[in-house]
Amino acid sequence: PSEKKTISCFISMKVGLRVSTLPLVVPPSLSSHNFSIGAVHPLTCSPLTYRVISPALFICTANCSISANKIVIALAIENWTPAPAGGLRGASIIDSLDTLYIMGLMEDYNDAKEWVRNSLDLNSNGEASLFEVNIRYVGGLLSAYYLTGEELYRSKAMELGEKLLPAFNTPTGIPRGVINLGSGTSWSWGWASAGSSILAEFGTLHLEFVHLSEVSNNPIYTEKVMNIRKLLNKIEKPHGLYPNFLSPVSGNWVQHHVSIGGLGDSFYEYLIKSYLMSDKTDDGAKTMYYGALEAIEANLVQKSTGGLTYMAEWRGGILDHKMGHLACFSGGMIGIGADDGAPDKRQHYLDLAAEITHTCHESYTRSATKLGPEAFRFDAGAEATATRLSDRYYILRPEVIESYMYMWRLTHDPKYRDWGWEAVEALEEHCRVESGFSGIRDVYTATVSHDNMQQSFFLSETLKYLYLLFSDDDLLPLEDWVFNTEAHPLPIIHKSCLQEEATQEKTVSN
Ligand code: DMJ
């Protein structure tokens with residue numbers, strides 16, 4: 001069948017591998033997986049503590065009494081997070097499918113798969129976020145399909161993709177942010193100014209939609225996202241910047257607030273990743289990415305009095321010297337894009353990526369828990385610390401660890417593994433609760449107060465990026481995979497693959 005041809009074709013020609021049978025990634029066996037952390041961290045890593053970050057997902061520490069795997073999957077099933085997905089159940093299960101598989105937790109992975117087969121109902125009535133459903137569910141299902149070759153995931157992803165299409169029925173084709181999957185009606189978030197759509201939401205569909213077209217052989221998904229790009233290219237951008245709010249009716253910016261953190265973040269990430277996922281053929285995405293990065297550097301990147309590089313927020317030309325935890329993904333993003341920048345900029349981009357990652361690490365080291373706040377500031381005497389009570393929480397977010405993982409892969413500087421290990425220890429000490437991991441309300445207080453919430457992205461992103469940080473580079477190599485913004489790996493669509501497909505199609509039609 002054609003989908004099997006496509007899936008096996010995605011494997012990189014560079015490593016000389018041809019896979020004729022599925023799956024693309026063979027899960028490691030629990031006993032044989034070899035972790036290299038001991039080699040770089042002799043001080044803190046005894047053989048016992050290696051296992052904290054082993055496939056058993058942080059669970060096999062000395063005083064662990066419950067089976068590792070059961071904790072993860074029980075949590076996934078009981079604490080499915082309804083909030084982001086409007087009645088759509090099982091966010092934690094879908095978000096953890098690939099993590100479980102990659103870590104070789106096959107018993108739990110199989111339980112999760114059975115849940116998808118028997119209980120995942122995509123006809124929910126409620127307020128679902130197009131963005132969250134796309135990055136967590138479509139991304140999670142596609143990634144599970146590509147990793148395992150299970151048809152179940154492909155058909156669920158296609159069914160869901162089709163249900164998202166009505167959100168694009170607007171005068172401009174810019175989708176609205178909210179959709180009822182049962183009825184197909186869609187509307188804008190009540191809190192977004194003047195019925196606008198949000199840059200980080202409508203700009204974070206490209207990777208999944210291109211792959212939806214791949215697996216369904218239906219170009220409509222690619223057409224929808226290419227139309228968004230066309231409009232963004234056409235409209236005038238203040239100082240070359242992309243504001244966070246756009247009207248899906250008029251196609252104009254609604255206000256001039258620019259952020260590389262919340263509301264803007266993953267739009268930029270998807271530009272460079274679209275380019276990389278196209279095997280560097282998508283020049284439109286490349287041009288937009290480097291153009292945007294230049295504007296960001298000229299207008300948002302700042303150096304603090306203490307010498308820390310950070311990304312400020314921009315409100316109609318006025319800078320707010322605040323950096324959100326969310327914006328810390330940008331170290332990794334600038335890092336993976338460094339190599340394809342103008343030759344005279346490559347080292348500069350790598351340096352910038354390292355500086356931002358360093359700043360984000362500082363936001364962790366300057367707290368009592370060694371975990372970072374939701375936002376930190378560089379004004380009124382503050383240097384990478386939160387000054388407002390409302391910014392002091394940590395909800396198990398991945399972005400800082402994500403940048404460590406990319407910077408480790410790009411430089412192999414052991415400090416990134418050291419920093420990742422500090423985060424492991426802090427998570428163990430402050431976030432572990434009896435039934436899993438919880439966010440905390442104030443990173444500056446060592447006697448923590450838990451928020452009793454384990455976000456699904458902890459399973460899909462935070463744990464996966466930590467696992468990859470301490471694994472060898474050939475586990476999901478960056479030459480073959482891009483991670484969507486929820487850390488779900490999607491294969492790079494290699495040029496040689498497309499050529500091969502075209503030849504085969506020609507032969508068939510002859
Ligand atoms: C995730 O759902 C995604 O990474 C998204 O792009 C931003 N926020 C969360 C994690 O913090």
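All ligand and atom numbering here is 1-based and tracks the order in the structure.
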Ignoring hydrogens, what is the shortest heavy-atom contact between Y364 and H325? Give both atom names and the distance.
OH-NE2, 2.7 Å
Distance flag, aromatic centroids of Y145 and Y153, threshold under 6.0 Å:
no
Record the part of [X] in heavy-atom contact with ligand 1 below 4.0 Å; permitted values are side chain, backbone, both and neither.
| X | answer |
| --- | --- |
| E269 | neither |
| A200 | neither |
| E486 | side chain |

Are R409 and D473 within salt-bridge range, i.e. N to O under 4.0 Å?
yes
Is K286 salt-bridged to D340, going by a charged N under 4.0 Å from an acidic O?
no
Tell me: protein heavy atom nearest atom 6 (O) of ligand 1, and distance?
T485 OG1, 2.7 Å
Could you find the nearest protein heavy atom to atom 9 (C) of ligand 1 and give me its residue, atom name and distance?
F457 CD2, 3.8 Å
Under 3.5 Å donor-acceptor, N180 side chain and T185 backbone
no
Provide the number and element of each atom of ligand 1 under 4.0 Å from a heavy atom of L326.
7 (C), 8 (N), 11 (O)
Which of the atoms in ligand 1, numbered in the order shown and given with their element, are less than 4.0 Å from a heavy-atom of I135?
2 (O)
Any residue meeting side chain to side chain donor-acceptor pair (under 3.5 Å) with Y310, in chain and number order, not counting sequence neighbours
H321
I'd like to know whether ligand 1 has E399 as a neighbour, heavy-atom separation below 4.0 Å.
yes
Would you say D265 has any N or O atom under 3.5 Å from an N or O of ligand 1, going by distance alone?
no
Taking atom types as modelled and ignoring hydrogens, do the side chains of T385 and R366 form a donor-acceptor contact shorter than 3.5 angstrom?
no
